[in-house]
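Notes follow the structure.
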Amino acid sequence: MPRICTNSPPRCDPAANRGSSELTETKTKGLSRRSVLKASAAVAGLAAGSGVITGFPTIWAQSNITLRQFGTGTSNLNAIADKCKADLGITLEMTAMDTDAAAQRAATQPDSYDIADVEYITCKKVFPTGVLQPMDVTKRKYYDKIVPLFITGKLTPDSIIAQGTAPHTVGFVESADSTTFAKQPTNWMTMVPTI
């Protein structure tokens, strides 16, 4: 089952942001794509909070943001990209590939993507390389809705943990900058189950 991970740190790709001199210019000043996205979000929050602007998605649309995502074909759905563009004004460029190719790209080409939609078996190979970053579970709105199988390895308290790469064995790392999988759930989740 594919999961979403993010590249650490995303880099600015001028070719992916044609027509956006702001993003191209920021690369030459040493800023990352993430810095630009955070700054855009901060400006948007200030503008929306002041009442000057009420349509948050229009701010993103004016920024001409493109995010590069790859994963297996089960997650690369045109409807997702269309909804992302309609709701947020962000262009989502998706590339579908098989599991092995996704693992290789995630580990060896971190400058080529912003979002890696990889599987738990791939996480075991890729996360220790340091190219992906964990997510703070306190910022995941529906974290408490995730099926326990992904958190504890058990569907019910009496369940027996199965063989193989059980999601909970690669689902958490010890800290925000760790590449070592934690033996128990922590505040730093490597992947969010999506499909």
Side-chain angles (χ1 to χ4, degrees), residues 1-10 33-34 37-38 41 67-85 87-88 90 92-110 112-195:
M1 292 171 55
R3 308 289 167 252
I4 296 177
C5 296
T6 57
N7 169 309
S8 177
R33 286 172 59 91
R34 172 148 303 135
L37 292 172
K38 282 183 180 179
L67 293 177
R68 302 159 299 160
Q69 181 267 356
F70 74 88
T72 60
T74 58
S75 64
N76 282 267
L77 306 172
N78 290 336
I80 293 173
D82 293 344
K83 188 73 169 156
C84 185
K85 185 69 171 179
D87 289 357
L88 303 173
I90 295 173
L92 184 60
E93 290 181 353
M94 299 183 296
T95 304
M97 55 187 58
D98 64 52
T99 299
D100 291 334
Q104 184 176 14
R105 181 172 180 183
T108 64
Q109 300 176 43
S112 73
Y113 62 89
D114 300 303
I115 303 167
D117 190 356
V118 296
E119 301 165 306
Y120 282 105
I121 57 172
T122 304
C123 185
K124 190 174 192 175
K125 300 172 188 176
V126 176
F127 212 91
T129 67
V131 296
L132 301 175
Q133 66 183 15
M135 296 168 276
D136 183 346
V137 299
T138 64
K139 296 181 180 180
R140 305 284 62 95
K141 183 175 180 179
Y142 298 109
Y143 176 76
D144 63 330
K145 306 284 189 242
I146 297 174
V147 176
L149 182 67
F150 295 99
I151 307 299
T152 64
K154 296 182 173 190
L155 189 55
T156 67
D158 298 329
S159 296
I160 296 172
I161 296 176
Q163 296 178 353
T165 305
H168 76 286
T169 64
V170 295
F172 296 91
V173 287
E174 296 171 352
S175 65
D177 57 354
S178 177
T179 57
T180 303
F181 296 114
K183 297 199 182 302
Q184 300 293 325
T186 67
N187 279 346
W188 301 102
M189 194 171 201
T190 61
M191 306 175 86
V192 174
T194 58
I195 305 297

Between C84 and L92 the two heavy atoms that sit nearest each other are SG-CB, 4.3 Å
Passes side chain to side chain contact (heavy atoms under 4.5 Å, CB included), F181 versus T190? Steps please.
CA-CA 9 Å; F181 296 114; T190 61; 4.1 Å; yes
Stepwise, does the side chain to side chain contact (heavy atoms under 4.5 Å, CB included) test hold for R105 with T95?
CA-CA 11 Å; R105 181 172 180 183; T95 304; 3.9 Å; yes
Approximate separation, where rounding is to 0.5 Å, of M94 CE and D117 CG
10.5 Å
State the CE-CE distance between M135 and M191, to the nearest 0.5 angstrom.
8.0 Å
How many angstroms lie between atom CD of E93 and atom CG of D114, to the nearest 0.5 angstrom?
9.0 Å
Parallel, tilted or perpendicular: rings of F70 and Y113 (30°, 60°):
perpendicular
Give a yes or no on this: more than 12 heavy atoms of other residues, nucleotides or ligands lie within 6.0 Å of atom CG of D98.
yes
What are the two closest heavy atoms between C123 and P128, and how far apart are they?
O-CD, 3.7 Å
Nearest heavy-atom neighbours spanning L132 and A116:
CD2-CB, 4.1 Å
How long is the gap from OG on S178 to CZ on F172, to the nearest 0.5 Å?
13.5 Å
Side chains of I146 and M189: does their closest heavy-atom pair fall under 4.5 Å?
yes
Walk me through it: do V173 and F127 pass the test side chain to side chain contact (heavy atoms under 4.5 Å, CB included)?
CA-CA 9 Å; V173 287; F127 212 91; 3.5 Å; yes
Less than 4.5 Å apart, any side-chain heavy atom of Y143 and any of I151?
yes
Nearest atoms (heavy-atom pairs only) where A106 meets V126:
CB-CG1, 3.7 Å
Looking at every heavy atom in both S159 and K154, which two are closest together, and how far apart are they?
O-CE, 3.4 Å
If you compare all heavy atoms of N76 against all heavy atoms of G71, which two are closest, and at what distance to 0.1 Å?
ND2-O, 3.2 Å
Gap between atom OG1 of T169 and atom CD1 of I161 - 0.5 Å precision:
9.0 Å
Name the one of T72, D100, T99 that satisfies side chain to side chain contact (heavy atoms under 4.5 Å, CB included) with T122?
T99
Please tell me whether T156 and D158 have a donor and an acceptor in their side chains that are separated by less than 3.5 angstrom.
no
In Å, rounded to the nearest 0.5 Å, how long is the span from CD of E119 to NZ of K124?
14.0 Å
